[in-house]
Protein chains: 2
Amino acid sequence: MNQTLDEVARRAGVSTATASRALRDLPSVRGETKERVQRVARDMGYVISPSASTLASGRTRTIGLLTPWVNRWFFSNVIEGAEKGLRQVNFDALLYTFHEAPGQPRNRVDPQVLRKRVDGLLILGMQLDEDEVLSLESLELPMVFVGPGHLRHPTVGIDDFAVAQMIMAHLEECGHTRVAHIAGPDLEQFDNSPSAGRHAGWKAWQEERGRPCDDTWYHYSSFDRTGGFESAMLLLDTHPDITAIFAATDDLAIGAIQAAQARGLHVGTDIVIAGVDDEDLAAYLGLTTVHQNPREQGQQAAEMLLAAMGGQPAPLVTFGEISLVERASSGRNTVRLVN
Amino acid sequence: MNQTLDEVARRAGVSTATASRALRDLPSVRGETKERVQRVARDMGYVISPSASTLASGRTRTIGLLTPWVNRWFFSNVIEGAEKGLRQVNFDALLYTFHEAPGQPRNRVDPQVLRKRVDGLLILGMQLDEDEVLSLESLELPMVFVGPGHLRHPTVGIDDFAVAQMIMAHLEECGHTRVAHIAGPDLEQFDNSPSAGRHAGWKAWQEERGRPCDDTWYHYSSFDRTGGFESAMLLLDTHPDITAIFAATDDLAIGAIQAAQARGLHVGTDIVIAGVDDEDLAAYLGLTTVHQNPREQGQQAAEMLLAAMGGQPAPLVTFGEISLVERASSGRNTVRLVN
DNA sequence: CTGTTAGCGCTTTCAA
DNA sequence: TTGAAAGCGCTAACAG
């Protein structure tokens, strides 16, 4: 009933060291011995003590998952993907959230609580300031970013400029030239943010064609439906001749749809609206959008982090796949529920 | 630069044992000594080694968070609440997910991977069979359930029978007697499921008043919008004289709304639909529902688990608050977006 | 390929 | 109220 390595070793008739090696499947153990030890351990129902192993080896087989929220489509899916990727190789994920309420500033990231606890960091969708990044770097742990990235560290995300251009090309095809943009509020704070990339894609498209894209043609307030609503209202006030709106996310687009409806505009005919994400709601509402797969991005990020912890270099930037989904909000598919 | 307790002790001029006691704020240390040690530790930026502490004490200060999904409204909010409650007392949450895709059977819960890793278990929304519960109990760890509970263990949830009665009373008030029900697919597998409680509440209400509630008056397939859509279609086929539908969750209700619209029925006038949850979407779609707060339930459950790990007895059943939210789908509020 | 041995950094008796 | 010392269960040289 003494579930220790020593006991496994004793029963298998080997030393503790050999038992340890056998269970870790090190190549330096004779096949037969290895199997015997593993069988004995299995029969005993032996499980390793992670704390003892960590203490002796210095490796925790645990990563820290830093995220602003878990209750949002993008993040919860990234988390699921990452957890799956880690679990496959028996790594644990320690969850650290940094936001309590939308609209509130988040807690600062404190590297101390991470110290001696994890072998690596997966940082989701957080706009860290330079001090925070430096403090995290002081931990000397591999880290991988998802979403807003960092120049010095591997980042998984999507090509936000391409996303914007994909949407704009679609709108062009639909005959729209007076296209306003709703951005995320982090647009001007961080130039590595998705908001910045999407705004840049929109602006470049319009500029190259001599179309309206001055500062009155885009707007942002908060990063949710309310923000989308407000921005759309304002843009429609300023430019009643807008024929299309490209919103940086589906949530913002949904707010914009509400605004259009409040104005008595029929979405898909009177005005065209497109978002980015293809979250569950998008199909339901008939929202034209750019599809991305945060679950895969999470798994990908986990694999990159695993590789980095294994000493292998990871590419600095990895793009997830994106694809255009044409729906009723751009007038393309009449099977829809948008009013 | 040697960030150990020994070093703290040396600098504070005390023994390792005293330093350990001081940092854990044990009462057996003289106030002055305690402060000195704590100050030294702070100045050094000392952080304890969790693995060493765990190895020596047998306590991990970590709990296992078992959940089918993280990407669903209810679960992600429970997780956020729980994580917050745990973080406040410096406990870590280890995430274990058990579903990859909706509709697929989940992985079985394996107690071995939890062994020696956690001090307690928070089990979210999982329908465990008796074997699984027994195997978890073999870990001899306190556990708290959220959602579908267990007779032998503390459970946080809502009073599902009351939820149903609350909705039914509202529908009654609106003049509905021919009320069909859409249940969750776990209705008949487990009698402790929310689906079972809500179904029972519906059935009791109808039965007591001599109203239709035989087996053709409720239906279920899958636990998502598609399931709600299918069930509603079927119910409307069987009983074209239905005037209201009570769906066990908002997601099911949303599917039912689609079905009604597909039939050319105007929701709120031709037919009334109500759900349960009050997830984000409900307000957006104007869905009448029963509000619950999974975030608070998660935090509550974390506190109960903490108490249980501290040896304090926890109540076997704790109900979260619920309240009726009347919206357009039951004809009560014309500010709405439902078609 | 295998065994011996010395820790990893704490907590916890036990004694003072 | 404090200290000395014995582990907790494993890994990692090092030796053989």
Side-chain angles (χ1 to χ4, degrees), chain A residues 1-38 40-41 44-62 90 92 112 114-119 309-311, chain B residues 1-38 40-41 44-62 90 92 112 114-119 309:
Chain A
M1 201 46 210
N2 182 18
Q3 297 281 44
T4 66
L5 225 206
D6 284 344
E7 181 63 15
V8 174
R10 202 185 56 69
R11 294 202 200 181
V14 296
S15 70
T16 320
T18 298
S20 173
R21 296 181 186 115
L23 293 180
R24 280 178 293 157
D25 207 25
L26 297 191
S28 63
V29 183
R30 189 157 52 98
E32 195 198 322
T33 313
K34 195 182 282 189
E35 280 169 28
R36 181 157 36 91
V37 173
Q38 291 175 345
V40 167
M44 288 174 59
Y46 167 82
V47 286
I48 196 174
S49 159
S51 45
S53 174
T54 294
L55 184 57
S57 71
R59 279 167 248 114
T60 63
R61 292 193 77 81
T62 301
N90 283 308
D92 283 325
Q112 289 304 68
L114 271 356
R115 188 153 261 151
K116 299 181 186 170
R117 227 165 259 272
V118 298
D119 291 341
M309 293 185 301
Chain B
M1 202 46 210
N2 182 21
Q3 297 283 44
T4 68
L5 228 206
D6 284 346
E7 180 64 14
V8 175
R10 202 185 55 68
R11 296 203 199 181
V14 295
S15 71
T16 319
T18 298
S20 173
R21 296 181 184 113
L23 293 181
R24 280 178 296 156
D25 206 24
L26 297 190
S28 63
V29 182
R30 189 155 52 97
E32 193 199 323
T33 314
K34 195 182 280 187
E35 280 169 29
R36 181 159 33 91
V37 173
Q38 291 175 346
V40 168
M44 286 174 61
Y46 167 81
V47 286
I48 197 174
S49 158
S51 45
S53 174
T54 294
L55 185 57
S57 70
R59 282 168 248 112
T60 64
R61 292 192 78 80
T62 302
N90 283 307
D92 283 325
Q112 289 303 70
L114 271 357
R115 188 153 260 151
K116 299 180 187 172
R117 228 165 257 273
V118 298
D119 291 341
M309 294 185 302

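A, B, ... follow the sequence lines: proteins, then strands. Residue 1 opens every chain.
Of all nucleotides listed (C/dC10, D/dT2, C/dG3), C/dG3 comes nearest to the side chain of A/Arg21. Of the candidate nucleotides C/dG3, D/dC10, D/dA12, C/dG3 has the atom nearest to the side chain of A/Val14. Picking from D/dC10, C/dT2, D/dT2 the nucleotide with the shortest atom distance to the side chain of A/Val29 gives C/dT2. Of the candidates C/dG9, D/dT11, C/dT11, the closest approach to any side-chain atom of B/Ile48 belongs to C/dT11. Taking only side-chain atoms of A/Thr33, from C-beta outward, the nucleotide of D/dC10, C/dC10, C/dT2 with the closest atom is C/dT2. The listed nucleotides are D/dA12, C/dG3, C/dT11; the one nearest the side chain of A/Arg24 is D/dA12. The listed nucleotides are D/dG7, D/dG9, C/dG3; the one nearest the side chain of B/Ala56 is D/dG7. Considering only side-chain atoms of B/Ala17, the nucleotide from D/dT11, D/dA12, D/dA5 that sits closest is D/dA5. Taking the side chain of B/Thr4 as heavy atoms from C-beta on, and the options C/dG3, C/dT2, C/dC10, the nearest nucleotide is C/dC10. When the nucleotides C/dC14, D/dA13, D/dG9 are ranked by their closest atom to the side chain of A/Leu55, D/dG9 comes out on top.
Between the B/Gln3 side chain and the B/Val47 main chain, no donor and acceptor come within less than 3.5 Å of each other. A distance-only check finds a donor-acceptor pair linking the side chain of B/Asp119 to the backbone of B/Thr60 [under 3.5 Å]. Side chain of A/Lys34 to main chain of A/Leu26: a donor-acceptor pair is present (N/O by atom type, distance under 3.5 Å, no hydrogens or angles).
Within the 4.0 angstrom heavy-atom criterion, only backbone atoms of the sugar-phosphate kind lie near A/Pro27; the bases stay farther away. Within 4.0 Å (heavy atoms only), B/Ser28 reaches at least one base atom of the nucleic acid.
When each of B/Arg36 and B/Ala52 is assigned the nucleotide of DNA chain D with its nearest heavy atom, B/Arg36 is the one assigned upstream, toward the 5' end. The residue among B/Lys34 and A/Ser51 whose nearest nucleotide of DNA chain D lies closer to the 5′ end is B/Lys34. Along DNA chain C, the nucleotide nearest A/Gly31 and the nucleotide nearest A/Thr16 are compared for position; the residue whose nucleotide lies closer to the 5' end is A/Gly31.
Between B/Ser57 and C/dT11 there is no side-chain polar atom (N or O) within less than 4.0 angstrom of OP1 or OP2. Contact check, A/Thr18 against C/dG3: a side-chain N or O comes under 4.0 Å of OP1 or OP2. For A/Arg59, no side-chain nitrogen or oxygen approaches OP1 or OP2 of C/dC8 to under 4.0 Å. A close approach under 4.0 Å does occur between a side-chain nitrogen or oxygen of B/Ser53 and OP1 or OP2 of C/dT11. Residue B/Ser49 places no side-chain N or O under 4.0 Å from the OP1 or OP2 atom of C/dC10.
Distance CG (B/Leu23) to P (C/dG9): 16 Å, rounded to an integer number of Å.
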